[in-house]
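These notes are about the structure you will find just below.
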Amino acid sequence: MNKILKPILALLLIVGGVFLITQREIAWGIICILLSSIPILLYFRNEFILLAFWKMRNQDMEAAKMWLSKITNPDKQLIKKQLGYYNFMLGLTEAQNNLTKSETHMRKALDHGLSFAHDRAMAKMNLAAGAMTRGRKQEAQKLLADAKAEDKQNMLTDQIKIFEEQLKKMNMGRNMQNPHMRKRGKYF
């Protein structure tokens, strides 16, 4: 549903409720006014995003992706914060299959804004993973340091430590030789 239709529907329900109260249908008027809270709530929390969050919490990424695909035109259906979480969840669902798509969605999510620090830390950690797979060690280290700073509740400390260990093992140069190998001379 378009984001403009939800407040209009809420306003119509409130006006209808007030009209019913003035016509001495007090119970139906109160019910209409209470029902107007649903479109107001769904204006700030999109129903498809809520369902996708619920499916992600149950580790059902395919169902979450299916609910996110129901949002056909995100710019018209979602407000700015919802766009951030829409892209964040698309990035998480794509992380298993296509890391480049996941990286673009995470960048969009950070541009639109995420409310919670641990969500920003998760997005930066995913961006660091993408930079690490492409061989950009310095960018990955910077993003990982940002993720560590954002993780104030220490929810991602184990994953960050794993990434730091992987970054230490990562070779930067394409022609780097094993430092433990003996140097070979010209004739032996």
Task: Nearest-0.5 Å distance, CG of residue L83 to NE2 of residue H112 - done: 4.5 Å
- [ ] Report the residues that fulfil ring-ring contact (aromatic ring centres under 6.0 Å, His included) with F116, sequence neighbours left out, ordered by chain and then residue number.
- [x] H118
Task: Check: E62 main-chain N/O paired with K55 side-chain donor or acceptor under 3.5 Å - done: no
TODO: State which residues pass salt bridge (Lys or Arg N to Asp or Glu O under 4.0 Å) with D151; sequence neighbours excluded, sorted by chain then number.
DONE: none
Task: Heavy-atom pair with the smallest gap, counting every atom of I21 and G29 - done: CG1-CA, 3.8 Å
TODO: Would you confirm whether Q82, through its side chain, and F44, through its main-chain N or O, come within 3.5 Å as a donor-acceptor pair?
DONE: yes
TODO: Treat each ILVMFWY residue as a node, draw an edge where side-chain heavy atoms are under 4.5 Å apart, and state whether L143 and L99 are in one component.
DONE: no
Open item on the list: Check D111 with R107, please: is the shortest side-chain N to carboxylate O separation under 4.0 Å?
Closed with: no
Open item on the list: Side chains of K70 and N46, heavy atoms from C-beta outward: is any pair under 4.5 Å?
Closed with: no
Open item on the list: If you define the side chain from C-beta out and look only at heavy atoms, does anything of R120 sit under 4.5 Å from L110?
Closed with: yes
TODO: Determine, for K6 against E47, whether the closest basic-nitrogen to carboxylate-oxygen distance falls under 4.0 angstrom.
DONE: yes
Task: Shortest non-hydrogen contact between L144 and A128, atoms and distance - done: N-CB, 4.1 Å
Task: L127 and D146, any side-chain heavy atoms less than 4.5 Å apart - done: no
Open item on the list: Under the ring pair (Phe, Tyr, Trp, His ring centres under 6.0 Å) definition, can you give me all pairs with a residue in residues 3-36, not counting sequence neighbours?
Closed with: none
Open item on the list: Under 3.5 Å, is there a donor on one side chain and an acceptor on the other for D119 and Y85?
Closed with: yes
Open item on the list: Once rounded to the nearest 0.5 Å, what's the spacing between atom CE of M132 and atom CD of Q166?
Closed with: 4.0 Å
- [ ] Output all residues satisfying salt bridge (Lys or Arg N to Asp or Glu O under 4.0 Å) with K148, sequence neighbours left out; order by chain, then residue number.
- [x] E164
- [ ] Using the test salt bridge (Lys or Arg N to Asp or Glu O under 4.0 Å), find all partners of R45 that sit at least two apart in sequence or belong to another chain.
- [x] none
- [ ] Taking all non-hydrogen atoms of both residues into account, name the closest pair between L68 and Y86 and its distance.
- [x] O-CE1, 3.6 Å
Task: Common cluster, L13/I31, ILVMFWY with side-chain heavy-atom separation under 4.5 Å - done: yes
TODO: For residues S69 and M66, report the shortest heavy-atom separation together with the two atoms involved.
DONE: OG-O, 2.6 Å
Open item on the list: Using a 3.5 Å distance criterion without hydrogens, assess whether the side chain of E150 forms a donor-acceptor pair with backbone atoms of M122.
Closed with: no
Task: Residue pair M106 / E103, side-chain heavy-atom distance below 4.5 Å - done: no
Task: Pairwise distance CG(L156) to NZ(K161) - rounded to 0.5 angstrom - done: 12.5 Å
Task: Side-chain donor or acceptor of N58 paired with backbone N/O of D60 under 3.5 Å - done: no
Open item on the list: Using 0.5 Å steps for rounding, measure from the CE atom of M56 to the OG1 atom of T93.
Closed with: 6.0 Å
Open item on the list: To the closest 0.5 Å, what do you measure between OG (S102) and CG (L92)?
Closed with: 7.0 Å
Open item on the list: For E94, give me all partners under salt bridge (Lys or Arg N to Asp or Glu O under 4.0 Å), at least two apart in sequence or on another chain.
Closed with: K65
Task: Residue from L42, I40, L34, L41 passing side chain to side chain contact (heavy atoms under 4.5 Å, CB included) with I38 - done: L42
Open item on the list: Please give me the minimum heavy-atom distance between Q159 and M155, naming the atom from each residue.
Closed with: OE1-O, 3.9 Å
Open item on the list: So I71 and I49, do their side chains get closer than 4.5 Å, heavy atoms only?
Closed with: yes
TODO: Look up atom CD1 in I160 and atom CG in L167, then write down how far apart they are to the nearest 0.5 Å.
DONE: 11.5 Å
Open item on the list: I'd like to check I79 versus Y43 (side-chain heavy atoms, cut-off strictly below 4.5 Å). Are they in contact?
Closed with: yes
Open item on the list: Which heavy atom of A123 sits nearest to which heavy atom of F88, and what is that distance?
Closed with: N-CE1, 4.0 Å
